[in-house]
Amino acid sequence: MAEKPFSKIVILDFGSQYTQVIARRVRECQVYSQIVRYDTPAAEIAAMGASGIILSGGPSSVYSKHAPHPDPALFSLNLPVLGICYGMQLMGHHLGGKVEHSERREYGSGKLKVADRKCPLFHGLGASMEIWNSHGDKLTKLPRGFHAVGTTDNSEFAAIEQPKKHFYGLQFHPEVVHTPRGKELIQNFVFRICGASKDWTMGSFIDQSCEEIRAQVGDDHVILGLSGGVDSSVAAALLHKAIGDQLTCVFVNNGVLRAQEAEAVQRLFGDHFQIKLKYVDASTRFLKKLKGVTDPERKRKIIGNEFVRVFEDATTSLARGKKSKFKFLAQGTLYPDVIESVAIGGNPAALIKSHHNVGGLPKNMRFKLVEPLRQLFKDEVRLVGAELGLPNEIVQRQPFPGPGLAVRILGDITRERLRVLREADAIVVGEMKAAGWYYKVWQSFAVLLPVRSVGVMGDERTYENTIALRIVESQDGMTADWVRLPYELLARISTRIINEVKGVNRVCYDISSKPPATIEWE
Ligand code: XMP
């Protein structure tokens, strides 16, 4: 990756589940941050042009056999360093202090008394603050030149400083929301101590990224598989801004899209943005393959494989007869997908690998990759999208699985069952939007169950389908809880589905959390 002209804070990852949160907090200060492995050589870090370094927390103990250690030359780079939790213990350990296993693990909220109000880390923060702890070991002897700038009931060295070298350590976690003023602490480090400049804005990212894309692509042509989701949409808009007609998007109708989806994507990207868009209606081809398949994994495989074939065919036919074939394939890969996770002591963040992501792109196609979003977190992608003029409808869109409605129809996928689910789903989305709930939740959708039950409609006995409503809140899709929607809204959704969708006589609300349930039913 080309070096950025932006100010930069480098974060060494020692396996904390919060490493990405630290990176996001720094970026919220409008300063670029980059996560690197804990053992990145100091010379490499120096070459990155960082304004300062943060050592993340981590699950290890500094004395344990497999504890991750940084390159000690890091402390001679003449750069400010902030060690958080394990990062602080490492700093203490490497610079001649003493770390001990404490009898009592300190976990949860606590109070920090600021011992030195002159310390720039605590500028403007008052005499005490609420903090969040999560550590077993603690520093019991300071290295030379350090002094305590904050204490807790349990620790006389909860915050430490070596002012000459600009080394700082925090026993607690300033990056988590349970340390309410932690963001200001991080701001103080980034601006007052590192002297970074506020230049990481989405406007400057777009300008820089367009230049890079042009430099990478030259006169060649780029192809992108557009799904209508946030990431591929923003990637398309950004590439179009950078290279205009050298970009061609392919949108595949796989037969399991939501109501009006294909039309909306064509309207927005083809008509409004005037992006070269190849619409491939492959629905019959997909539905034929899916006929009679009820196993969810098989459904996923069929859709994934078929997509690759259709995409290849489309690319070949687009390139036929043209001078310039597609040399590049663009993908909406995001930063969390590229960070090399450090799996230390069973860090859950490292174990949860996006099992769903990117939906199998042609592995054997000889494309070079363009991934203009690979430095961004999801919330930054949304900001870039808004800045590029994409409507809220796309930018704030809820996640939608690649295999589409296929994972929301349990059992057989037929055109008739797709119709039932599409109509029910449109009602859920419509009512959620009308009530102002759609953008407040992680996902809200309908699921068609393989269950029929008896009902009465007028004087008639019916034997019809059941729709389950799945409406959940979540931060990242890894855990989720069902939303306590107002009864009136649930009632309206249910009444409308039963009255308006032919073939449904019962609606249920799914009140399971994840875990142990998942968000999708499949
Ligand atoms: P589960 O059902 O595993 O879903 O709790 C977690 C999140 O992932 C989404 N999901 C997918 N996203 N391709 C995607 O891009 C997929 O194949 C896929 N399957 C599930 C799901 O909607 C939820 O937000």
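Counting convention: from 1, in listed order, for ligands and their atoms alike. Source: prediction; values computed, not measured.
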* **Point-to-point distance, once rounded to the nearest 0.5 Å, from CD of Gln443 to OH of Tyr438** => 9.0 Å
* Could you give all pairs that pass the side-chain hydrogen bond (donor to acceptor under 3.5 Å, both in side chains) test and reach residues 382-394, with sequence neighbours left out? -> Glu393-Lys433
* To do: For Gln375 and Tyr32, test the side chains for any donor-to-acceptor distance below 3.5 angstrom and give the result as yes or no.
  => yes
* Asked: Going through the distances and angles, do Glu306 and Arg309 end up as a salt bridge (charged side-chain N to carboxylate O under 4.0 Å, His left out)?
  -> CA-CA 5 Å; Glu306 207 53 22; Arg309 291 205 190 102; 3.2 Å; yes
State the atoms of ligand 1, each with its element, that fall below the 4.0 Å cut-off from a heavy-atom position in [X].
X	answer
Gly477	6 (C)
Thr518	1 (P), 2 (O), 5 (O)
Pro403	16 (C), 17 (O)

* From the candidates Pro399, Ala406, Ala480, Pro401, the one that places a heavy atom nearest atom 12 (N) of ligand 1 -> Pro401
Do any N/O atoms on [X] end up under 3.5 angstrom from N/O atoms on ligand 1?
X	answer
Lys514	yes
Ile519	yes
Gly402	yes
Glu520	yes

* What do you reckon, does Trp442 put a non-hydrogen atom under 4.0 Å from ligand 1? -> yes
* Are any of the heavy atoms in Arg300 under 4.0 Å away from ligand 1? -> yes
* Expected output: side-chain Thr466 to main-chain Leu449 donor-acceptor under 3.5 Å -> no
* **Structural part of Glu522 in contact with ligand 1, heavy atom criterion under 4.0 angstrom** => neither
* Structure fact -> Only one of Phe205, Trp200, Tyr335 passes ring-ring contact (aromatic ring centres under 6.0 Å, His included) with Phe377, and that residue is Tyr335
* Do the ring planes of His240 and Phe273 sit parallel (below 30°), tilted (30 to 60°) or perpendicular (above 60°)? -> perpendicular
Which donor-acceptor pairs under 3.5 Å do the side chains of residues 242-250 make with protein atoms, sequence neighbours left out?
| residue | atom | partner | partner atom | Å |
| --- | --- | --- | --- | --- |
| Gln246 | NE2 | Gly218 | O | 2.8 |
| Gln246 | NE2 | Asp220 | O | 2.8 |

